[in-house]
Amino acid sequence: MPRYDFRSIESRWQQYWEDNQTFQVQDCVADREKLYVLDMFPYPSGEGLHVGHPEGYTATDIVCRHARMRGRNVLHPMGWDAFGLPAEEFARQKGIHPRIKTEENIETFRRQLKMLGFSYDWNREISTTDPDYYRWTQWIFLQIYDTWYDESHEWTGPDGVSRTGRGRPISELPVPAEVSAKGDSAVRRYQDKHRLAYLSEAPVNWCQELGTVLANEEVIDGRSERGGHPVERLNLKQWKLRITAYGDRLGDELQDLGWPESIKYMQRNWIGRSTGAEVDFAVAGGDDSPTEWLQQRTADGFPDEQAAGTIRVYTTRPDTLFGVTYMVLAPEHPLVDQITTDEQRGQVEEYRRTAALKSDLDRTDLSHQKTGVFTGGYAWNPVNGEKVPVWIADYVLISYGTGAIMAVPGHDERDHEFATQFGIPIVQVVQPATETAEPVDIQSAALTELGVAVNSGEWDGMPTAECKQAITAALSERGVARQAVNYRLRDWLFSRQRYWGEPFPIWHELDDNGEPTGLMRPEPIESLPVPHPHVEDFKPTGTPEPMLSKASEDWLYRTDSDGVRLKRETNSMPQWAGSCWYYLRFCDSRNSNQFIDPEKERYWLPVDLYIGGAEHAVLHLLYARFWHKVLFDRGLVTHPEPFRRLVNQGMILGENGEKMSKSRGNVVNPEEVVEQRGADALRLYEMFMGPLEQVKPWQTSGVEGVYRFLGRVWRLIIDDRAEQNQLDAAVTEDAPDENQQRMLHKTIKAVSEDVERLSFNTAISRMMEYTNFLYEQSTRSRQLLEPLVLLLSPFAPHISEELWNALGHDQTLAYEAWPAWDESLLVESTVEIPVQVCGKLRGRITVAADADSAQMQAAAEADPGVQKHLEGKTVIKVIAVPGKMVNFVAR
RNA sequence: GCCGGAGUGGCGAAAUGGCAGACGCGCCGGAUUCAAAAUCCGGUAGGGGUAAUUCCCUGUGUGGGUUCGAGUCCCACCUCCGGUACCA
């Protein structure tokens with residue numbers, strides 16, 4: 001017993017915390033400052049915990065336990081991101097309902113996490129798969145569905161910041177008179193086109209193997225992120241969320257967040273805002289310049305939508321319009337059919353077919369070899385009336401900009417490569433601004449840098465930046481161009497075809513023939529949640545037809561009070577949905593009337609510290625911010641951003657320095673570590689390995705090291721040869737001496753500051769040094785030991801509770817005051833400082849701590865070692881920094 | 001290709017521009033033990049020197065620079081890791 005017996009100690013204190021509800025937290029405590037510390041909640045896989053989980057979780061636990069001891073009211077919850085494919089795959093193979101498997105996995109995760117002694121308030125536990133939870137996920141979807149984005153709305157939010165652009169109720173959408181005139185259905189269709197959640201038919205990433213479509217974010221090199229299965233493009237009607245409406249705010253409001261710069265950068269990149277112009281090229285019918293068309297445009301102005309007989313392009317370089325020698329449409333571009341001449345039709349059709357079959361992987365994999373086909377058609381360049389050939393090529397993407405480009409091979413690398421390959425002329429219209437450069441050979445490489453316009457008629461000599469503006473302005477006046485902003489970010493493809501996700505709370509109206517009319521009705525709020533239907537088997541349909549369409553008639557259909565026959569939406573939401581708002585629900589997880597109580601929202605939010613893996617840098621974190629901003633605009637939350645500070649823990653590699661994986665056989669199971677050395681040792685080791693944010697390899701011998709340290713702390717206090725838990729004979733009630741006092745206070749200071757910087761590895765080092773110091777002392781005052789136990793407690797809570805108890809306290813130490821240090825006790829009367837001669841260390845002197853430069857110099861000059869090195873040299877200069885060092889510059 | 005981050009003992013790593021390698025692992029030696037485990041104490045960057053020492057030289061990826069002084073700041077390059085890739 002008196003040996004350090006982590007098994008009995010850890011289970012005893014875990015039981016104690018549970019019995020006493022030690023970490024249950026009260027909401028809205030007015031007199032205590034709140035702290036909301038959040039872990040990225042895990043997907044409860046069948047594998048159980050891996051060592052990466054406890055890394056971030058231990059870090060947040062230390063922060064929380066420390067903060068409680070500093071008197072903060074701490075919200076520290078845990079839950080499960082439990083929808084997803086694996087449970088459904090399991091169901092398909094074993095015939096067991098995904099819910100059952102999911103609950104089993106959650107049980108394992110919960111047991112394993114409890115085994116590690118984290119101070120979560122388990123009363124707030126949530127699972128995204130719980131109907132009481134996804135009821136509100138569906139509810140939030142309906143809020144998004146009920147919202148349109150008013151770009152010009154100026155307003156000041158509850159945060160006191162003025163913004164332009166706001167998500168507003170769809171009922172406030174101005175409806176043009178000509179639409180209203182067409183009646184109710186027309187108005188509803190008009191509204192549907194403006195909602196933040198909308199149905200659209202578009203090419204999507206369909207994965208046959210997984211039986212679902214995937215978001216762009218889930219497709220990597222033409223394969224599914226999960227499983228690496230091939231993905232093809234299909235035209236399907238899918239739900240999308242208009243995240244692009246928030247592109248600017250998602251980019252701009254990153255500014256003030258306490259996030260790693262790299263993550264902010266990645267998000268900005270992902271959003272990929274660019275500015276330029278949209279320009280219309282008239283399709284050439286014959287050889288006559290489109291004079292009439294131009295006159296008409298000058299009178300009518302630039303149409304909102306691309307008009308018949310024109311090709312609209314997006315360019316960031318309107319200054320290069322005079323260098324356009326051809327145009328390219330994406331193979332899927334709707335104009336291709338019209339523009340293609342009969343001679344070319346065969347080739348064009350053939351090209352379109354192969355392009356459609358190509359996955360994105362094939363499109364990028366062919367070492368960037370450009371392909372394309374001339375359509376036979378031409379268009380008029382609006383700046384100079386030149387006739388340019390129109391091609392199709394798959395290097396132009398239908399999903400970006402207008403799906404069509406003006407090609408300027410002289411000043412764009414991709415166009416240059418294409419033009420070279422197909423023998424299309426290359427024209428220079430920009431030259432470097434500096435004269436010194438040798439002549440540019442535009443035929444051999446594109447000049448993409450900014451410069452000065454040439455061969456551009458009236459614009460010659462104008463610098464690029466200015467020229468972009470000037471040409472756009474001139475063309476705008478003639479109704480053939482306008483300024484435009486584009487995003488790399490696409491609207492978020494939000495539907496999936498799988499069973500184990502949130503059903504959509506949407507009904508489709510059917511006509512008398514049972515065909516959808518295209519009009520929709522939301523599920524009434526009071527009848528949420530929309531539950532999962534019973535299905536007989538979990539085999540994918542093998543087609544893009546969703547799993548939920550296998551449901552029984554009474555789930556699929558109903559007749560509304562006005563007699564309209566309705567069919568349920570059978571798509572389901574992606575896994576991201578539940579994780580978009582879970583941090584809100586933790587504040588009020590048992591509320592059955594609201595998704596969150598506004599008072600609790602104001603008290604707890606934003607999350608003060610959010611720790612998780614960098615793999616969520618763009619997806620989860622961008623989606624969650626987007627939802628949050630919609631809720632903010634709708635007045636449902638009061639802070640514009642959900643996560644004030646973000647920290648990414650570095651990945652833990654296997655002992656061989658490679659990524660841990662089953663196939664590499666280097667996976668470390670945390671449960672085994674706990675069985676062998678205890679939870680405290682595991683926690684301590686994970687924090688001792690190195691800086692939290694750094695990637696670092698696992699070393700089992702390192703666990704041994706911290707385990708030994710815990711044993712040393714134990715024996716510092718407990719007599720391990722006694723039969724009973726009793727204090728070691730060296731523990732006294734005497735007051736510590738000055739030197740001991742100083743060591744204690746130095747340690748308190750260092751550990752406190754390190755914890756605040758999340759520099760846990762150095763904090764642990766400090767405690768080790770202090771422990772080593774105490775071993776050198778013949779007696780150990782209780783006053784030296786109790787603070788150590790408190791300092792250690794956030795890191796290794798079980799052993800600390802046990803020692804605290806052995807020192808005679810009968811309450812948990814979780815709410816004991818964190819030790820304070822006294823600066824006045826830190827000062828030493830003398831200090832040892834280095835002496836350098838010409839920057840080289842030549843001796844050490846001991847001087848009074850407050851010695852000034854002159855005293856230090858005198859002491860240094862008196863040092864025999866220093867004298868030896870100054871011999872025969874002339875001292876030119878002496879640098880003496882009080883308390884730091886002395887340096888003689890000599891020749 | 002582009003954008004980040006990082007290169008320090010045998011290993012994980014420390015170091016507001018001021019004694020490089022704290023702390024831990026491993027290894028070596030000692031104590032304890034019949035012996036071992038466990039534990040406790042000491043040593044441990046490399047090279048050289050000395051009877052011995054608080055001796056000397058070299059050293060933070062490479063090459064330059066700034067500075068009295070650089071692992072730390074600046075420039076160029078090399079390597080590794082991560083992100084991203086036809087976004088017009």
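First the proteins, then the strands, lettered A, B, ... as listed; each starts at 1. Here the structure is a predicted model, which is why all the values come from computation and not from measurement.
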What pairs with Glu55(A) under side-chain contact (heavy atoms from CB on, under 4.5 Å), at least two apart in sequence or on another chain?
-> Gln649(A), Ile652(A), Glu686(A), Met687(A), Leu692(A), Lys696(A)
Please work out whether G9(B) sits syn or anti, treating a glycosidic angle within 90° of 0 as syn.
-> syn
Touch check for Asn761(A), heavy atoms < 4.0 angstrom, all strands: base, sugar-phosphate only, or nothing?
-> sugar-phosphate
Side-chain ion pair, Glu332(A) and Arg352(A), N-O less than 4.0 Å | no
Within this structure, what is the CD-to-P distance between Glu753(A) and U16(B), rounded to whole angstrom?
-> 12 Å
Phe281(A): what forms a ring pair (Phe, Tyr, Trp, His ring centres under 6.0 Å) with it, not counting sequence neighbours?
-> none
All N/O contacts under 3.5 Å from nucleotides 3-7 of chain B to the protein, with atom names and distances to one decimal?
{"unit_1": "C3(B)", "atom_1": "O2'", "unit_2": "Tyr265(A)", "atom_2": "OH", "d": "2.8"}

Can you name the side-chain contact (heavy atoms from CB on, under 4.5 Å) partners of Ala277(A), sequence neighbours left out?
-> Val279(A), Pro318(A), Thr472(A)
Could you go over nucleotides 24-28 of chain B and give all protein N or O partners under 3.5 Å, atom names and distances?
{"unit_1": "G24(B)", "atom_1": "OP1", "unit_2": "Asn772(A)", "atom_2": "ND2", "d": "3.1"}
{"unit_1": "C25(B)", "atom_1": "OP1", "unit_2": "Arg708(A)", "atom_2": "NE", "d": "3.1"}
{"unit_1": "C25(B)", "atom_1": "OP1", "unit_2": "Arg708(A)", "atom_2": "NH2", "d": "2.9"}
{"unit_1": "C25(B)", "atom_1": "O2'", "unit_2": "Ser701(A)", "atom_2": "OG", "d": "2.7"}
{"unit_1": "G26(B)", "atom_1": "OP2", "unit_2": "Arg708(A)", "atom_2": "NH2", "d": "2.8"}

Rounded distance in Å between the P positions of G43(B) and C25(B) | 15 Å
Considering only NZ, NE, NH1 and NH2 on the basic side and carboxylate oxygens on the acidic side, decide whether Asp394(A) and Lys370(A) come within less than 4.0 Å.
-> no
Counterpart residues, ring pair (Phe, Tyr, Trp, His ring centres under 6.0 Å), relative to Tyr314(A) (two or more places apart) = none
Would you please name every residue forming a ring pair (Phe, Tyr, Trp, His ring centres under 6.0 Å) with Trp821(A), sequence neighbours left out?
-> none
With no hydrogens and no angle check, do the side chains of Ser274(A) and Tyr487(A) hold a donor and an acceptor under 3.5 Å apart?
-> no
For nucleotides A70(B) and U8(B), find the distance between their C1' atoms and express it as a whole number of Å.
-> 14 Å
Identify which nucleotide among A88(B), A85(B), A13(B) has an atom closest to any side-chain atom of Arg488(A), counting heavy atoms from C-beta outward.
-> A85(B)
Name the stems with RNA chain B in them: runs of three or more consecutive Watson-Crick or G-U pairs, distances under 3.5 Å?
-> B:1-7 with B:78-84, B:10-12 with B:23-25, B:26-31 with B:39-44, B:45-48 with B:55-58, B:61-65 with B:73-77
Over how many whole Å does the gap from Arg715(A) atom CZ to U39(B) atom C1' extend?
-> 6 Å
To the nearest angstrom, the OH-C1' distance between Tyr707(A) and C23(B) comes to 20 Å
Separation of the P atoms in U79(B) and C40(B), to the nearest angstrom | 47 Å
Of the nucleotides C86(B), A22(B), U16(B), which one has an atom closest to the side chain of Lys370(A)?
-> C86(B)
Hey, are Asp280(A) and Arg312(A) close enough for a salt bridge, meaning a charged N less than 4.0 Å from a carboxylate O?
-> yes
So, Phe418(A) versus Tyr395(A), ring centres under 6.0 angstrom or not?
-> yes
So which protein N/O to nucleotides 78-80 of chain B N/O distances come out below 3.5 Å?
none

Quick one: side-chain contact (heavy atoms from CB on, under 4.5 Å) partners of Gln836(A), sequence neighbours excluded?
-> Met885(A), Asn887(A)
Pairing of Asp248(A) and Arg273(A) as salt bridge, 4.0 angstrom limit | yes
Is Arg317(A) paired with Asp319(A) through a side-chain N to carboxylate O contact shorter than 4.0 Å?
-> yes
Short side-chain N/O contact to C41(B) OP1/OP2 from Tyr775(A), under 4.0 Å | no
Proximity to the side chain of Ser274(A) - top-ranked nucleotide from A88(B), C40(B), A15(B) | A88(B)
Give Lys884(A) one of three labels, base, sugar-phosphate or nothing, depending on what nucleic acid heavy atoms sit under 4.0 Å from its own.
-> base
What's touching nucleotides 68-70 of chain B from the protein side, N or O pairs under 3.5 Å?
{"unit_1": "C68(B)", "atom_1": "O2'", "unit_2": "Asn887(A)", "atom_2": "ND2", "d": "3.2"}
{"unit_1": "C68(B)", "atom_1": "O2", "unit_2": "Asn887(A)", "atom_2": "ND2", "d": "2.7"}

Rounding to the closest angstrom, what is the interatomic distance between U16(B) and C68(B) at atom P?
-> 23 Å
If you measure from the C1' atom in A15(B) to the same atom in U60(B), how many Å do you get, rounded?
-> 11 Å
Check the pair Glu828(A) / Lys746(A) against salt bridge (charged side-chain N to carboxylate O under 4.0 Å, His left out), numbers first and verdict last.
-> CA-CA 11 Å; Glu828(A) 299 183 53; Lys746(A) 274 168 101 163; 3.4 Å; yes
If the P atom of G26(B) is compared with that of A37(B), how far apart are they to the nearest Å?
-> 13 Å
Tell me, for nucleotides 45-61 of chain B in 5' to 3' order, what letter each nucleotide earns: B for a base near a protein heavy atom under 4.0 Å, S for only sugar-phosphate near one, - for neither?
-> -----------SSS---
Looking only at atom C1', what distance separates A20(B) and G7(B), rounded to whole Å?
-> 16 Å
Under 4.5 Å between any side-chain heavy atoms of Met327(A) and Val313(A), yes or no?
-> yes
Given A15(B), A88(B), G12(B), which nucleotide is nearest the side-chain atoms of Tyr400(A)?
-> A88(B)
For G64(B) and A51(B), measure between their P atoms and round to the nearest Å.
-> 38 Å
